[in-house]
**Student:** 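Below is the structure I would like to discuss, written out as structure tokens.
So you know, we letter chains A, B, ... as the sequences are listed, proteins then strands, and number each from 1.
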Protein chains: 2
Amino acid sequence: MIKYIFFDIDNTLFPTSEFAQLARKNAIRAMIELGLQFNADELYTKLLKIIERLGSNSDQHFNELLRELKVQRPERFIAAAVAAYHNTKTSILPYPEVPRVLLALREHGYKLYVATNGNTIKQWDKLIRLGIALYFEDVFVSEEIGKEKSKEFFDKVLSNLKIKPNECVMIGDKEDKDIVPAKATGMHAIKRGNNGINDFSDLLDILKKL
Amino acid sequence: MIKYIFFDIDNTLFPTSEFAQLARKNAIRAMIELGLQFNADELYTKLLKIIERLGSNSDQHFNELLRELKVQRPERFIAAAVAAYHNTKTSILPYPEVPRVLLALREHGYKLYVATNGNTIKQWDKLIRLGIALYFEDVFVSEEIGKEKSKEFFDKVLSNLKIKPNECVMIGDKEDKDIVPAKATGMHAIKRGNNGINDFSDLLDILKKL
């Protein structure tokens, strides 16, 4: 019987990729609004290449974009871009059914956890802004655990909690980071998105059948 | 005749100190909401001491507070504090008459500038969030100029713009950083706040009399 449910955050509890795309486009619109004389589509394409090169966690994307464009006195545009980017990223909303389902799961006695890759403070920031931080017993982030999600990650988390894998289910959107390693540990696993479920509304029923 | 008006930002265009105090109190409330078991007033007093010690531009205030309190796994509280702090600081509003007065000054042919101490990107961020960045011909920040507001700062700015000091007025809240050095350069000066004006609504009339 399932007692413990582990959730991934990004693209599982909220549409991370949609918000990231919107945040970048809003950042570009803000720079143009402040007088940057470039085409929005061209800026977006350049920005995506920079993000790929520097990694998505760098805080130098806009600095580098303006450097490549040889913009003099770029501070006003950096300020505009970062403000618009953050305004969007700090207005994230969960998938609409998520808060209701998390509450129902708790009321049915399940213990809820988060298992996520990333920076500990950044991942907590998302849970707080989504308004769902208090639903979880604890939050396990790869940075704190010392390894990315893998069989070893889940073995360590379950051993810390002194719970058995067959009483646990991992719910996430990534086959390689969520589903495969959770199953390797002996946990159940449910995929959100492609070839999985697109909504958590039936999650209580699905859990009863595991 | 006055042609050029220079504005300070903090406590001149918006009530910086009020928002800073609110932001810190909101940060403390957010940590308590997430389960930090300390008294709000005690936390606020400790925080003010840390800000005084590390300087107001440090980004380690909350990290240091939680370190002093010996809180284990502090990331959730840092995330909560920083999110609440930024939510407040990014919701700054100008003194209510400011946008209307800036627009009227432009319509009367005055050229508006900003002259401010601080970090260039942070000062631009404030103007953008206040919704008044486009009113100014240019923004002069001590970091970019290479010196804090002083006779030398204003001499350099006026020389760059090729304008005469007696056609200029500096408007700011600080006797030592705004009024005294502007006058030393030969500019006019108007003080906002204590022993000055508390509202810019009569600024057009005041300027005509200079």
**Student:** For chain A and chain B, what donor-acceptor pairs lie under 3.5 Å, backbone included?
**Tutor:**
from	atom 1	to	atom 2	distance (Å)
Arg73(A)	NE	Glu144(B)	OE2	2.9
Arg73(A)	NH1	Asp138(B)	OD1	3.3
Arg73(A)	NH1	Asp138(B)	OD2	2.9
Arg73(A)	NH2	Asp138(B)	OD1	3.3
Arg73(A)	NH2	Val139(B)	O	3.2
Arg73(A)	NH2	Glu144(B)	OE1	3.2
Arg76(A)	NH2	Asp138(B)	OD1	3.4
Asn87(A)	OD1	Arg129(B)	NH1	2.9
Arg129(A)	NH1	Asn87(B)	OD1	2.9
Asp138(A)	OD1	Arg73(B)	NH1	3.3
Asp138(A)	OD1	Arg73(B)	NH2	3.3
Asp138(A)	OD1	Arg76(B)	NH2	3.4
Asp138(A)	OD2	Arg73(B)	NH1	2.9
Val139(A)	O	Arg73(B)	NH2	3.2
Glu144(A)	OE1	Arg73(B)	NH2	3.2
Glu144(A)	OE2	Arg73(B)	NE	2.9

**Student:** Can you tell which part of Val141(B) gets under 4.5 Å to a heavy atom of chain A, answering side chain, backbone, both or neither?
**Tutor:**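 When you check distances to chain A, no heavy atom of Val141(B) falls under 4.5 Å.
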**Student:** Quick one: closest heavy-atom pair of Ala79(A) and Ile121(B), and the distance?
**Tutor:**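 Looks like CB-O, 3.5 Å.
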